[in-house]
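Worksheet: one structure, shown below.
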Amino acid sequence: MNIRCQQIHFDHAGGPDVLYLAEGEIPAPAPQQVMIKVSYAGVNGPDLAQRKGLYPPPPGASAILGLEVSGTIVAVGESVAQWQVGDTVCALVPGGGYSEYVMTWAEHCLPIPTGLSLAQAAALPETFFTLWGHLFMRGGLSAGDTLLLHGGSGGIGSAAIVLAKQFGVTVIVTSGSQQKCAYCLALGADYAFDYHTDWLQQVLAVAPEGVDIVLDMASGDMINLNLKALAEEGRLVTIALLRGATANVDVFRLMAKRITWTGATLRPQSVETKALIAKGLKQQVWPLFATTAGQSITPTLFAEFLLADAAQAHRLMESGQHRGKLVLKVAEDAL
């Protein structure tokens, strides 16, 4: 039996103004799925890209925006044993987060971490699944490494700083202003440089042999600069294309330094792969919230919007004026 609920729709690609609130339907959960009554939904870069027509949902996924939520499980599939109706969770969802109800796989849900509100918990899954799966699992980030990341004041960048510091990593960031650099330093970054300046020389001044790993969310004309910043045997992990999907790459430098260049997007990966990421987070990261480290890795919420005001949230994210995460309050009684 389908459930009718309020959702954010758009009929064609475009700017934030194409988003509007309307009624839609979601089906009953499949055997390995759960249905969540959404309290809050996170707002992320892939949502903006999908709205612009640049990031279509994979086959079988909801066309409704939204990849992370917090809320209460209200129905479980017949094969689900680890969750019960009434459990509160945060979850990675394949789409449909901008909705009063959403479906996702039971293995992609995690308990609300100790001490976090539902709003804070909604800001975790997309970011932490991305970082754990790509930076730690794929990129091999570990204690003693030096990490360079660009755009350190955004949602992904902010979380990358605090998470990397918990695992004994030296963190160098670039950001778009001195104010944003100060914000990154307050989060725990060891060094922060304005990327409008000669950031490469500043990075090499503090890491003369180069950095071990670059988390690349820019690509385009930044690729060769990143290759110059990397040490021999360094790793370049590309997870977004904010400066373009193509680049004229200095392949000889990549070869001479024996650099490993990898990249991925989270959404199209298999249910099984995302379940492995969730397992790693539950074992390695979620326990940190119950320690003194909990405060430092708790996501910074910059602004909260009502579901009907999703367009305003998208405008703010596109402006680049935020520092931390944006969330939509979906349930009227959400705390």
Validation row, ring centre Tyr195 to ring centre Trp199 under 6.0 Å: no
Interatomic spacing from CD1 in Ile73 to OG1 in Thr88 - rounded to 0.5 Å: 8.5 Å
same_hphob_cluster(Leu326, Tyr40) at 4.5 Å side-chain heavy-atom cutoff: no
Trace of the side chain to side chain contact (heavy atoms under 4.5 Å, CB included) decision for Gln179 with Arg323: CA-CA 10 Å; Gln179 183 183 25; Arg323 297 184 298 278; 4.1 Å; yes
Note, Asp47 side chain near His314 side chain (heavy atom, < 4.5 Å): yes
Chi angles and distances behind the salt bridge (charged side-chain N to carboxylate O under 4.0 Å, His left out) call for Arg235, Asp145: CA-CA 11 Å; Arg235 292 97 72 198; Asp145 280 344; 2.9 Å; yes
Single-linkage hydrophobic cluster Leu131~Val171, side-chain heavy atoms < 4.5 angstrom: yes
Test side chain to side chain contact (heavy atoms under 4.5 Å, CB included) applied to Thr72 and Ile36, step by step: CA-CA 5 Å; Thr72 305; Ile36 299 171; 5.9 Å; no
Gap separating the OG atom of Ser175 from the NZ atom of Lys180, nearest 0.5 angstrom: 5.5 Å
Any Leu227 side-chain heavy atom under 4.5 Å of Ile259 side chain: yes
Charged N-O contact under 4.0 Å between Asp190 and Lys165: yes
Ser219 and Thr238: side chain donor to acceptor below 3.5 Å: no
Distance-only polar pair, side chains of Ser99 and Gln6, donor-acceptor under 3.5 Å: no
Residues Lys52, Glu318: salt bridge by 4.0 Å N-O rule: yes
Residue Gln295 excluded, over 12 heavy atoms near CD under 6.0 Å: no
Gap separating the CZ atom of Phe193 from the CD1 atom of Ile172, nearest 0.5 angstrom: 6.5 Å
Closest heavy-atom pair and its distance - Leu118, Gly71: CD2-N, 4.3 Å
Ion pair check, Lys325 and Glu304, cut-off under 4.0 Å: no
Contacts of Ile64 that satisfy side chain to side chain contact (heavy atoms under 4.5 Å, CB included) - sequence neighbours left out: Gln7, His9, Ser62, Tyr98
Thr104 side chain to Leu92 backbone, donor-acceptor under 3.5 Å: yes
Check ion pair Glu232-Arg258 (N to O, under 4.0 angstrom): yes
Glu107 atom CD: more than 12 heavy-atom contacts under 6.0 Å: no
Heavy atoms from other residues, nucleotides or ligands near CD of Glu233 exceed 12 (cutoff 6.0 Å): yes
Heavy-atom side-chain contact between Met35 and Val102 under 4.5 Å: no
Ring geometry between Phe289 and Trp286 (parallel below 30°, tilted from 30 to 60°, perpendicular above 60°): perpendicular
Sole residue of Leu48, Val43, Leu19, Leu328 in side-chain contact (heavy atoms from CB on, under 4.5 Å) with Leu65: Leu19
salt_bridge(Arg267, Glu126) N-O dist < 4.0 Å: no
Minimum heavy-atom distance Gln321-Phe302, with the two atoms named: O-CZ, 3.6 Å
Gln166 vs Ile297, side chain to side chain contact (heavy atoms under 4.5 Å, CB included): CA-CA, chis, key distance, verdict: CA-CA 8 Å; Gln166 290 305 313; Ile297 65 171; 3.5 Å; yes
Partner of Leu124 under side-chain contact (heavy atoms from CB on, under 4.5 Å), chosen from Leu116, Leu110, Ile112: Leu116
Polar contact flag, side-chain donor to acceptor under 3.5 angstrom, Gln33-His108: no
Basic-acidic side-chain contact under 4.0 Å: Asp17, Arg315: yes
Leu281 side chain near Phe129 side chain, heavy-atom distance below 4.5 Å: yes
Distance-only side-chain donor-acceptor flag, Thr127 / Thr130, under 3.5 Å: no
Test side chain to side chain contact (heavy atoms under 4.5 Å, CB included) applied to Val169 and Leu141, step by step: CA-CA 8 Å; Val169 173; Leu141 186 70; 3.8 Å; yes
Non-hydrogen side-chain atoms of Ser142 and Phe167 separated by less than 4.5 Å: no
Reported CZ-to-CZ distance for the pair Arg51 and Phe10, which is rounded to 0.5 angstrom: 8.5 Å
Side-chain heavy atoms of Phe305 within contact of Lys329, under 4.5 Å: no
Neighbour count above 12 (heavy atom, 6.0 Å) for Glu23 CD: yes
Contact check, side chains of Ile239 and Leu215, non-hydrogen atoms, under 4.5 Å: yes
